[in-house]
**Student:** 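Mind having a look at this structure? Questions to follow.
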Amino acid sequence: MANAKAWEILNAGGTALDAAEQGVMVTEADPEVHTVGIGSYPDRDGIVTLDACIMAPNGDCGSVAAVQDILHPVSVARMVMERTPHVMIVGQGAKNFALSQGMKETELLTDWGREQLAAWKTRNPDYRPKINVENHDTIGLLTLDKNGDLAGACTTSGASFKYHGRVGDSPLIGSGLYVDNEIGGATATGWGEAVIRACGCFLVVEFMRQGHSPTDACRLAVERVISKNPDWKDNQCGFIAMNRHRETG
Ligand code: ASP
């Protein structure tokens, strides 16, 4: 669905930046996706907090983290990029900024999310999450437009039942997303703490800069994540990448 929206924009001659933002907005607005936007898993305090970032072909970037009650954190990230001198605004400040820009408050916690938290509390009083396919995910989208310009966006609710205020890799430029218009872009999913320790997406782009294919760059970055995380067997992470020649990995 996100890809379809992004293609619609690109095929109509739209920019990579618009395609990246509007593509992931589809997923943010889907209550059936429980790891991005509305309908996500809450944190351990029963609050849905969202992280997102966006990067433009000219190297500009914007980011929000731990933002509450806002349906489209990726759009707030874009507003941070385009309307403020900053790169990143977090927590209540991000929400206040979003409201000041005309966004409306939205209840992001659904009955499904409340039920998941209640069930988790009965089975997992010690918080040491084994990351697995059910309890986390992220959408990251890399786009290349007709002008040959690259952009990317990344948005998530992070790890389910995380500590309130926890921020993962996804809104961190260089960890969850990195785009260099001269080289290519990369975005990540998985256990954010592991990706942060390796500066994952910056690393993927740097490997491409050294001449590696997108696939090899992703593999080398995963190997770095493994080397920086002794508990790697308990973790999942993955990268996607695209270079400016349209090769993907
Ligand atoms: N990377 C996200 C985080 O740690 C979660 C995920 O992609 O699965 O917040």
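As a basis for the values below, the full set of heavy atoms in this structure was taken, side chains included, without hydrogen atoms, waters or symmetry mates. The first residue of the sequence shown is numbered 1, and numbering continues consecutively from there. Whatever order the structure lists them in is the order used to number ligands and atoms, beginning at 1.
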**Student:** So among Glu193, Arg224, Arg197, which one has a side-chain hydrogen bond (donor to acceptor under 3.5 Å, both in side chains) with Asn229?
**Tutor:** Arg197
**Student:** Closer than 4.0 Å to some heavy atom of Thr189 - which atoms of ligand 1 meet that?
**Tutor:** 6 (C), 7 (O), 8 (O)
**Student:** Looking at every heavy atom in both Ala65 and Met88, which two are closest together, and how far apart are they?
**Tutor:** CB-CE, 3.8 Å
**Student:** Just distances here: any N/O of Gly192 and N/O of ligand 1 closer than 3.5 Å?
**Tutor:**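 It does: an N or O of Gly192 is found under 3.5 Å from an N or O of ligand 1.
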**Student:** Using a 4.0 Å cutoff against the non-hydrogen atoms of Asp169, which atoms of ligand 1 qualify?
**Tutor:** 1 (N), 2 (C), 3 (C), 4 (O)
**Student:** Please, which pairs that meet side chain to side chain donor-acceptor pair (under 3.5 Å) have at least one residue in residues 47-65, sequence neighbours excluded?
**Tutor:**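 Only Thr49-Lys162 qualify under side chain to side chain donor-acceptor pair (under 3.5 Å).
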**Student:** Would you call the rings of Trp112 and His34 parallel, tilted or perpendicular if under 30° counts as parallel and over 60° as perpendicular?
**Tutor:**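 Taking His34 first and then Trp112, their aromatic rings lie parallel (interplane angle under 30°).
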**Student:** Working to the nearest 0.5 Å, report the span between CG of Leu50 and CD1 of Ile70.
**Tutor:** 9.5 Å
**Student:** Out of Gly190, Gly140, Ala188, Ser160, whose heavy atom sits nearest atom 2 (C) of ligand 1?
**Tutor:**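 The nearest heavy atom belongs to Gly190.
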**Student:** Relative to the heavy atoms of Gly158, which atoms of ligand 1 are at a distance of less than 4.0 Å?
**Tutor:**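 Listed by number with element, the hits are 3 (C), 9 (O).
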**Student:** What I want to know is whether Trp191 and ligand 1 share at least one N or O pair that is separated by under 3.5 angstrom.
**Tutor:** no
**Student:** Does Asp51 reach ligand 1 with a nitrogen or oxygen that is under 3.5 Å from one of the ligand's nitrogen or oxygen atoms?
**Tutor:**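 N/O-N/O distance under 3.5 Å: no.
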**Student:** Would Lys162 count as a contact of ligand 1 if the rule is a heavy atom under 4.0 Å away?
**Tutor:** no
**Student:** Measure the acute angle between the ring planes of Phe207 and His212, then classify it against the limits of 30° and 60° as parallel, tilted or perpendicular.
**Tutor:**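 Phe207 vs His212 ring planes: perpendicular.
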**Student:** Taking distance alone, with no angle check, do Thr138 and ligand 1 share an N/O pair under 3.5 Å?
**Tutor:** yes
**Student:** Just which atoms of ligand 1 are under 4.0 Å from any heavy atom in Ser170?
**Tutor:**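 Atoms satisfying the 4.0 Å criterion: 1 (N), 2 (C).
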**Student:** For residues 180-187, run the donor-acceptor check on the side chains, cut-off 3.5 Å, and write out each pair with its distance to 0.1 Å, sequence neighbours left out.
**Tutor:**
| from | atom 1 | to | atom 2 | distance (Å) |
| --- | --- | --- | --- | --- |
| Asp180 | OD1 | Glu182 | N | 2.9 |
| Asp180 | OD2 | Arg209 | NH1 | 3.3 |
| Asp180 | OD2 | Arg209 | NH2 | 2.8 |
| Asn181 | OD1 | Leu150 | N | 2.7 |
| Asn181 | ND2 | Asp149 | OD1 | 2.9 |
| Thr187 | OG1 | Gly176 | O | 2.8 |

